[in-house]
Amino acid sequence: MLMIHDTLSRSKVKFTPIDEEHIRIYVCGPTVYDYAHIGNARPAVIFDVLVCLLRQLYSRVTYVRNITDVDDKINARALETGKGISEITASTTKFFHNDMKALGVEKPDVEPRATDHISDMIELIEVLIEKNHAYVVDGHVLFSVTSMKNYGNLSKLDKREIVAGARIDVAPYKSDPSDFVLWKPSTSNVPGWDSPWGRGRPGWHIECSAMSRKHLGEAFDIHGGGQDLIFPHHENEIAQSTCAFGEGMFAKYWMHNGYLMSEGEKMSKSLGNFYTVNELLNEFPGESIRLALLQTHYRQPLDFTKDNILEARRSLDRWYRMVDKIEVTSGPPESVRAALCDDMNTPQALAEIHKFARIGDTESLLAGAQFLGLVKQDPEEWFKWASIGSEECFPTDTAIEALINERSKARQEKNFARSDAIRDELAAQGIILEDGSGGTTWRRG
């Protein structure tokens with residue numbers, strides 16, 4: 001039995017699908033204007049594990065994660081850099097895919113792009129206008145928040161908090177300060193499409209409502225994303241979709257991962273603790289980043305540090321040493337699956353894997369780890385990995401050879417204390433030395 005925490009009801013509930021023969025899940029993907037940072041990676045990894053679990057429990061799962069490739073942040077980056085918008089979105093989408101692959105994140109079944117669904121957005125906006133939930137003024141189309149009696153149910157905000165927290169421009173054409181944009185005019189230097197209201201582009205929120213409907217239908221099982229999206233994005237998605245298609249439509253359950261801190265502070269470039277996935281992959285293998293993200297329960301705030309990645313790397317080193325030549329012949333151990341079925345309790349699932357390591361149950365260790373997207377490489381390839389920036393923790397081949405040469409010289413000079421110290425230093429980092437008649441050879445753990 002799968003239990004999940006539903007943000008809408010603020011409670012842990014039994015997951016009861018709309019259709020047991022076809023589970024449908026939608027997760028908000030990246031806005032592609034820059035490298036993905038570690039905060040973007042957390043939901044990608046978390047919902048990757050959830051989808052893996054759902055595929056274990058049900059025969060058919062459709063997972064949709066979108067790409068937002070029309071947005072004011074993208075327009076601003078184009079003006080800032082002088083690059084074309086299509087060039088920016090193409091390159092950053094490629095970076096995102098490469099980074100997620102390195103973290104072991106599987107591709108979604110469908111990855112819709114906003115720019116391919118403009119007609120679907122226009123159609124949805126027309127329905128909202130027809131039902132008096134939206135109005136047109138000065139080339140803008142706005143959603144009328146006062147037309148929806150239970151607006152704010154997801155975020156549990158009152159009207160004053162909604163107005164204060166919406167971060168929307170004060171505009172004289174709005175009937176109410178909390179109304180939000182569905183469509184807005186485009187000047188000649190930003191993307192635009194023909195519409196019944198003139199050349200323009202969609203607001204952010206309407207994109208996900210249109211894409212989820214197109215690929216999952218008007219009602220589906222789970223909508224996921226980061227906690228920062230609860231308001232206004234997800235609140236406004238609910239407003240658009242339920243006002244267009246009826247109360248009780250759209251997502252049945254809502255799941256959100258917690259906020260991310262970095263090195264004990266809010267992540268910020270000015271504080272020097274702003275990490276992109278691309279940068280971290282120069283220092284650490286992707287699986288160690290993935291493990292560091294899974295060590296905290298998904299709904300809890302995560303303090304992401306490089307020390308946590310180093311510790312995760314050491315755990316993976318131990319596991320890889322233990323499972324060499326082992327193959328998975330069954331599904332995940334029941335204790336691992338039970339932990340994940342309890343609202344995605346990845347810390348408990350990892351505790352079970354550590355227990356298997358302690359007792360030497362290598363098959364269960366490997367099966368459990370691989371179900372979480374870990375220990376999926378050939379051990380020999382894993383130990384060949386060398387970082388660009390942290391040789392002192394995980395030495396490169398060149399650094400190892402240099403130490404071996406120093407050790408050989410120390411032995412020739414009968415400096416056995418230094419020779420033993422070098423051997424111990426390398427052993428602590430998983431480097432095994434073997435002395436023979438032809439000299440010293442080495443291998444990684």
Worksheet item: Going from CG on L57 to SG on C52, what distance comes out if it is rounded to the nearest 0.5 angstrom?
Response: 9.5 Å
Worksheet item: D6 side chain to S11 main-chain N or O, any donor-acceptor pair under 3.5 Å?
Response: no
Discussion item. Whether the side chain of R65 engages the backbone of V27 through a donor-acceptor N/O pair (distance < 3.5 Å, no angle test) should be reported.
Written reply: no
Discussion item. Between D317 and W382, does the side chain to side chain contact (heavy atoms under 4.5 Å, CB included) criterion hold? Intermediate values first, please.
Written reply: CA-CA 8 Å; D317 283 347; W382 168 262; 2.7 Å; yes
Item to complete: Check the surroundings of atom NZ in K252: do more than 12 heavy atoms from other residues, nucleotides or ligands lie under 6.0 Å from it?
Response: yes
Worksheet entry | Close side-chain approach of R60 to E21, heavy-atom, < 4.5 Å | no
Worksheet item: Hey, is D34 close enough to R77 for a salt bridge, meaning N to O under 4.0 Å?
Response: yes
Fill in: Donor-acceptor contact below 3.5 Å, side chain K131 vs main chain L128
no
Fill in: Atom of G226, atom of N257 and distance for their closest heavy-atom approach
CA-OD1, 3.4 Å
Discussion item. Under a 3.5 Å distance rule, please check whether D69 uses its side chain to pair with a backbone N or O of T115 as donor and acceptor.
Written reply: yes
Discussion item. Keeping D19 on the side-chain end and R24 on the backbone end, is there a donor-acceptor pair under 3.5 Å?
Written reply: no
Discussion item. Would R299 and W254 count as a cation-pi pair here, with the cationic atom under 6.0 angstrom from the ring centre and within 45° of the axis?
Written reply: no
Discussion item. I want to check something: taking the side chain as every heavy atom from C-beta on, are I67 and P112 in contact at a cut-off of under 4.5 Å?
Written reply: no
Worksheet item: Side chains of Y135 and K174: does their closest heavy-atom pair fall under 4.5 Å?
Response: yes
Item to complete: State, without any angle test, whether D109 and T62 hold a side-chain donor-acceptor pair at a distance under 3.5 Å.
Response: no
Worksheet entry | Derivation of the salt bridge (Lys or Arg N to Asp or Glu O under 4.0 Å) call for K184 and D72 | CA-CA 11 Å; K184 51 191 170 184; D72 287 345; 2.9 Å; yes
Worksheet item: Rounded to the nearest 0.5 Å, how far apart are CZ of F231 and CG of L154?
Response: 10.5 Å
Practice prompt. Would you mind reporting whether W197 and I129 have side-chain heavy atoms less than 4.5 Å apart?
Written response: yes
Item to complete: Please tell me if the side chains of M211 and K214 come closer than 4.5 Å, counting only heavy atoms from C-beta onward.
Response: no
Worksheet, complete the sentence: The reported gap from CD1 in I46 to NE2 in H256 (rounded to nearest 0.5 angstrom) is 13.5 Å
Worksheet item: Is the shortest side-chain N to carboxylate O distance from R55 to E106 below 4.0 Å?
Response: no
Worksheet item: Yes or no on side chain to side chain contact (heavy atoms under 4.5 Å, CB included) for Y26 and F250, after CA distance, side-chain angles and deciding distance?
Response: CA-CA 11 Å; Y26 184 94; F250 203 42; over 6 Å; no
Fill in: Donor-acceptor contact below 3.5 Å, side chain N40 vs main chain H37
yes
Discussion item. I'd like to know if the side chain of S212 reaches the main chain of S209, judged simply by a donor and an acceptor atom lying under 3.5 Å from each other, with no hydrogens or angles considered.
Written reply: yes
Practice prompt. Please name the pair of heavy atoms, one in A357 and one in M322, separated by the smallest distance, quoted to 0.1 Å.
Written response: O-CE, 3.3 Å
Practice prompt. Determine, step by step, whether L54 and L2 satisfy the side chain to side chain contact (heavy atoms under 4.5 Å, CB included) criterion, reporting the C-alpha distance in whole Å, the side-chain angles of both residues, the deciding distance to 0.1 Å, and the verdict.
Written response: CA-CA 9 Å; L54 290 170; L2 174 60; 3.7 Å; yes
Worksheet entry | Member of H205, H233, H133 meeting the ring-ring contact (aromatic ring centres under 6.0 Å, His included) criterion with F180 | H205
Worksheet entry | Between H5 and H297: side-chain donor-acceptor atoms closer than 3.5 Å | no
Worksheet item: Which atom pair, heavy atoms only, marks the closest approach of L53 to F371?
Response: CA-CZ, 3.9 Å
Worksheet entry | Residue pair R42 / T296, side-chain heavy-atom distance below 4.5 Å | yes
Practice prompt. Give a yes-or-no answer on whether the side chains of D343 and Y298 include a donor-acceptor pair shorter than 3.5 Å.
Written response: yes
Fill in: Donor-acceptor contact below 3.5 Å, side chain S262 vs main chain F274
no
Worksheet item: Is there a donor-acceptor contact under 3.5 Å linking the side chains of N75 and Y33?
Response: no
Practice prompt. Assert yes or no for the condition that the ring centre distance of F96 to Y35 is strictly below 6.0 Å.
Written response: no
Worksheet, complete the sentence: Rounding to 0.5 Å, atoms CG (L8) and NE2 (H234) come to a distance of 12.5 Å
Discussion item. Using a 6.0 Å cut-off, check whether atom CD of E80 has over 12 heavy atoms from anything other than its own residue.
Written reply: yes
Item to complete: Search all heavy atoms of H223 against all heavy atoms of A251 and return the closest pair with its distance.
Response: CB-CB, 3.6 Å
Item to complete: Scan side-chain atoms only and decide if N278 and T276 contain a donor-acceptor pair under the 3.5 Å cut-off.
Response: no
Discussion item. With a 4.5 Å cut-off on side-chain heavy atoms, are L142 and S175 touching?
Written reply: no
Worksheet item: Closest approach of L294 and V45, non-hydrogen atoms and distance?
Response: CD2-CG1, 3.8 Å
Practice prompt. State plainly whether the residues K12 and D342 are in salt-bridge range, i.e. N to O under 4.0 Å.
Written response: yes
Worksheet item: Is T68 reaching over with its side chain to a backbone N or O of T31, donor-acceptor style, under 3.5 angstrom?
Response: no
Discussion item. Side chains of Y320 and E287 only: does a donor on one sit below 3.5 Å from an acceptor on the other?
Written reply: yes
Worksheet item: From E111 CD over to H97 NE2, what is the distance, rounded to the nearest 0.5 angstrom?
Response: 3.5 Å
Discussion item. For K73, I'd like to know if atom NZ has over 12 heavy atoms of other residues, nucleotides or ligands within 6.0 Å.
Written reply: no
Worksheet item: Can a donor-acceptor pair be found between the side chains of N189 and T187 at a distance below 3.5 Å?
Response: yes
Item to complete: Examine the side chains of Y275 and E263 and answer whether a donor and an acceptor come within less than 3.5 Å of each other.
Response: yes
Discussion item. Do D71 and E207 have side chains that approach each other closer than 4.5 Å (heavy atoms only, starting at C-beta)?
Written reply: no
Item to complete: Output yes when a side-chain donor or acceptor of D138 lies under 3.5 Å from a complementary backbone atom of H140, and no otherwise.
Response: no
Worksheet, complete the sentence: Smallest heavy-atom separation, P191 atom then S186 atom, equals O-OG, 2.6 Å
Worksheet entry | Full working for side chain to side chain contact (heavy atoms under 4.5 Å, CB included) between V49 and R290 | CA-CA 11 Å; V49 175; R290 182 184 181 97; 3.6 Å; yes
Worksheet entry | Between CD on residue E235 and CD1 on residue I230, distance to nearest 0.5 Å | 9.5 Å
